[in-house]
Amino acid sequence: MPELPEVEVVRRGLSAHVLGRTIEHVDVAHGRAVRRHVAGPSDFADSLVKAVFTDARRRGKYLWLPLDDGVRAVVGHLGMSGQLLVQPAAVPDETHLRIRFVFADGDPQLRFVDQRTFGGLAVAELGPGGVPVPIAHIAPDPLDPAFDDEAFRLALGRRRTGVKRALLDQSLISGVGNIYADEALWRAKLHYARATETLRRPDVARLLAAVREVMGAALAQGGTSFDSLYVNVNGESGYFDRSLDAYGQEGRSCRRCGTPIRRDPFMNRSSYTCPRCQPRPRHARW
DNA sequence: CGGAGCTCCTGGGGGC
DNA sequence: TGCCCCCAGGAGCTCC
């Protein structure tokens, strides 16, 4: 569930609470949470002792905390249910606590909690632009000044797929997941199965504007939450879910035209559309 | 190599 | 009440 706005909320929290602090030790309670750290759980923990987090960065749904050696970072992805929490040591361990960072200056600890274990952390080398090597294939996100609208439009023209699949492809545009894809498509009045190569310049411009608008609005409300699995570093949920126009709104009236929102199976998940504002194209691709 | 489908995981919720 | 099954989903991987 955490998509760009939720991850950005977490990044800001980390920036406020863990920068400049020296790591005293690290506990890995569940090996799966560091499965992307190739050298293994004990190497993950050992290699971080005495290191200092110097920054908190993000690209799409990935977060990373560069270290004071200037060449490495702790890279993280929240997956479906990952949480990075700042907690005093006295707070009992969460049921799904996976990784704990204890700092030399005492409270608070940094805890990675993850029920479904799709998320995880790893130590990685930094590459060009200070981006960790393992996420070099992730495209800039639409809120990044490095995002190239025209390059994105041209890439869509070369693709032979549906526009929602393209939006979810993190190597084309990062940070968009199922929720914000449906919201942006609703705002842009595009059906998810619209073939990417048929999108005209104004369609792509409208789509990117919609993505940026909905993410900006969500960020202003602290992100989206459904079941409090997603929270900021203080354990608080955002409330953008109250503002959703399409995602999860099956049967509710479209805010623009009153037609009931429809749910379709899509990639073993769901897509929500207004059948009137977002008519299915003749030559659908998905 | 692009596109599509599979898989990892767990708790909540619906159905019987 | 209890049990079973489905569902949610990001992204790496595999297969064609």
Side-chain angles (χ1 to χ4, degrees), chain A residues 1-8 10 29-38 58-64 75-84 94-99 112-122 124 131-141 152 154-185 192-198 211 215 218 223-231 237 241 244 246-251 263-272 283-286:
Chain A
M1 298 246 184
E3 302 181 30
L4 188 153
E6 292 76 35
V7 179
E8 175 59 17
V10 172
H30 195 306
R32 186 170 154 81
V34 294
R35 67 193 178 285
R36 301 283 169 211
H37 187 84
V38 271
R58 182 189 56 72
R59 170 173 280 193
K61 305 171 199 171
Y62 279 93
L63 282 167
W64 70 96
V75 186
H77 196 292
L78 301 177
M80 278 288 295
S81 55
Q83 306 175 339
L84 282 161
E94 294 77 6
T95 306
H96 303 293
L97 174 67
R98 309 304 191 193
I99 302 168
F112 180 68
V113 176
D114 190 8
Q115 177 201 107
R116 293 176 211 172
T117 68
F118 277 25
L121 304 182
V131 176
V133 172
I135 63 169
H137 64 292
I138 300 294
D141 62 63
F152 177 66
L154 293 171
L156 290 180
R158 290 189 295 267
R159 284 296 174 109
R160 292 295 177 267
T161 190
V163 64
K164 183 169 172 180
R165 276 188 183 274
L167 277 179
L168 297 176
D169 184 339
Q170 305 296 302
S171 67
L172 282 180
I173 178 172
S174 68
V176 184
N178 205 36
I179 298 170
Y180 295 107
D182 280 3
E183 292 301 299
L185 291 167
Y192 58 84
R194 174 75 176 269
T196 52
E197 75 272 23
T198 69
V211 169
M215 286 184 165
T224 300
S225 159
F226 299 96
D227 51 13
S228 63
L229 272 182
Y230 160 67
V231 291
S237 293
D241 50 307
L244 295 174
Y247 183 85
Q249 306 301 306
E250 183 179 16
R263 173 185 171 277
D264 292 332
F266 178 86
M267 294 170 75
N268 285 327
R269 315 191 159 78
S270 298
S271 273
Y272 298 89
H283 303 292
R285 260 190 218 282
W286 68 92

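So you know, we letter chains A, B, ... as the sequences are listed, proteins then strands, and number each from 1.
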Hey, is the main chain of [Y] close enough, under 3.5 Å, to the side chain of [X] for a donor-acceptor pair?
| X | Y | value |
| --- | --- | --- |
| R98(A) | Q115(A) | yes |
| Q170(A) | A139(A) | no |
| R159(A) | T196(A) | no |
| E183(A) | A246(A) | yes |
| R160(A) | G157(A) | yes |

What string of B, S and - do you get for nucleotides 2-12 of chain B, 5' to 3', if B is base contact, S is sugar-phosphate-only contact and - is no contact with any protein heavy atom under 4.0 Å?
-SSS--BBBS-

Classify F266(A) by what it touches in the nucleic acid, base, sugar-phosphate, or nothing, heavy-atom distance under 4.0 Å.
nothing

Contacts of type salt bridge (charged side-chain N to carboxylate O under 4.0 Å, His left out), residue R194(A), not counting sequence neighbours:
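For R194(A), the residues satisfying salt bridge (charged side-chain N to carboxylate O under 4.0 Å, His left out) (neighbours in sequence not counted) are D203(A).
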
Protein-nucleotide distance ([X], atom [atom1]; [N], atom [atom2]), rounded to Å:
| X | N | atom1 | atom2 | answer |
| --- | --- | --- | --- | --- |
| L63(A) | dA11(C) | CG | P | 12 Å |
| I179(A) | dA8(C) | CD1 | P | 12 Å |
| L168(A) | dG10(C) | CG | C1' | 9 Å |
| L244(A) | dA8(C) | CG | P | 15 Å |

Are any protein N/O atoms closer than 3.5 Å to N/O atoms in nucleotides 14-16 of chain C? If there are, list each pair with its distance.
none

Got more than 12 heavy atoms from elsewhere within 6.0 Å of NE2, H283(A)?
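Not buried by this count: 12 neighbours or fewer within 6.0 Å.
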
Atom NE2 of H96(A) and atom NE2 of H30(A): how far apart are they, to the nearest 0.5 Å?
10.0 Å

